[in-house]
Amino acid sequence: MADTIELSVVDGIARVTLARPDVRNAFNAELIAELHRIFTRIAAADDVRAVVLAGAGKVFCGGADINWMRESLDLSFEANAIDAERMSDMFRTIDNCPRPVIARVHGAALGGGAGLAACCDIVISADDAVFGFTEVKLGIIPAVISPFVLGKIGATHARALFLTGERFSAQRAQAIGLVHEVVAAGQLDAAVDRVLGEIASAGPLAVSAAKLLIRRVLDATYAQTRSLTAAAIAERRISPEGQEGLRSFLERRKASFVRE
Ligand code: COA
């Protein structure tokens with residue numbers, strides 16, 4: 001299993017690297033299962049403050065493995081649906097990861113690879129990376145990734161890009177909200193480090209609570225958000241971390257949760 005993903009955890013940073021460079025880190029059943037397993041473990045690891053998701057070799061991720069999909073030609077509707085649900089669960093586990101997930105995109109993020117980027121909180125891309133929801137070019141559709149992608153780029157861009165399957169630039173990906181920062185390829189690691197530095201100086205429980213808040217507010221009606229958001233901030237204000245954060249600011253000292 002270990003050969004589809006590389007994982008390291010150093011100083012509270014989990015680095016998850018897709019490691020099928022010969023097929024441009026395309027998803028097969030093994031890679032999907034391994035990603036799911038690793039993100040489930042990360043979700044339960046209290047010592048992890050952030051996750052960096054990257055791809056080994058020339059690109060971030062070339063989407064579903066076309067050879068693996070070839071096998072789907074012989075599968076029934078039910079067997080195909082089970083495979084797709086497994087993939088959906090994997091994306092959801094990343095999307096729901098309680099720690100911030102930073103995507104480090106270089107080369108290409110196509111099909112499921114673009115969907116993977118959409119599941120991350122902060123996406124930093126090399127300026128020469130290419131993106132695309134290219135499924136229609138293969139006669140299929142970006143179905144499993146659609147909830148995550150729509151949550152990022154909205155219907156207007158999904159309609160234009162899902163229907164053409166066209167490839168687009170990192171600059172366009174940034175303009176539609178799929179990417180947050182575009183830098184020269186040589187600056188990718190520095191840009192990721194800058195974001196990690198921001199996260200290191202924030203309260204880790206507050207960071208997780210902020211991510212959960214977004215999910216809950218998106219899922220709620222206004223009537224529910226009034227009490228949900230009031231309870232969420234009240235909880236943080238009475239928590240040890242929230243009190244330490246505010247006190248340290250008032251006392252002009254660094255909070256105990258700041259990592260240097
Ligand atoms: N599934 C399976 N194999 C893939 C793959 C995928 N999604 N993407 C690339 N590969 C394989 C190629 O078949 C090739 O194999 P080979 O060395 O045995 O010939 C190898 O990876 C390198 O591909 P190549 O196209 O030469 O690499 P590149 O660096 O020039 O370009 C991509 C990388 C990702 C831009 C390009 O491979 C590509 O466009 N792939 C198709 C992506 C796609 O349509 N994904 C959507 C699936 S729904």
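All residue numbers refer to positions in the sequence shown, counting from 1.
Here the closest heavy-atom approach between residue C120 and residue L53 is recorded as SG-CD2, 3.8 Å.
Comment: D121 engages K211 in a salt bridge, judged by a side-chain N to carboxylate O separation of less than 4.0 angstrom. With salt bridges taken as basic N to acidic carboxylate O contacts below 4.0 Å, none links R70 and D65. With respect to the salt-bridge test (charged N to carboxylate O, under 4.0 angstrom), the residues R194 and E181 qualify. The pair R236-E241 counts as a salt bridge, with a side-chain nitrogen and a carboxylate oxygen less than 4.0 angstrom apart. Remark: D83 engages R86 in a salt bridge, criterion side-chain N to carboxylate O under 4.0 Å.
Remark: L116 CG to F27 CZ distance equals 4.5 Å, nearest 0.5 Å. The line from CG of D3 to CD of E34 is 8.5 Å long, rounded to the nearest 0.5 Å.
Between L138 and M69 the shortest side-chain heavy-atom distance falls below 4.5 Å. Residues P100 and V51 form no side-chain contact, since every pair of their non-hydrogen atoms from C-beta on lies 4.5 Å or further apart. Contact check for F162 versus S146: side-chain heavy atoms found under the 4.5 Å cut-off.
With sequence neighbours excluded, the residues forming a side-chain hydrogen bond (donor to acceptor under 3.5 Å, both in side chains) with K254 are E260, listed by chain and number.
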Would you check, one step at a time, whether the test side-chain hydrogen bond (donor to acceptor under 3.5 Å, both in side chains) holds for T221 with Q224?
-> CA-CA 5 Å; T221 61; Q224 291 165 325; 3.3 Å; yes

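In this structure, a donor-acceptor pair under 3.5 Å is absent between the side chains of E85 and S88.
When each of V105, D128, D127, I124 is paired with V182, the side chain to side chain contact (heavy atoms under 4.5 Å, CB included) condition holds for D127 and for no other.
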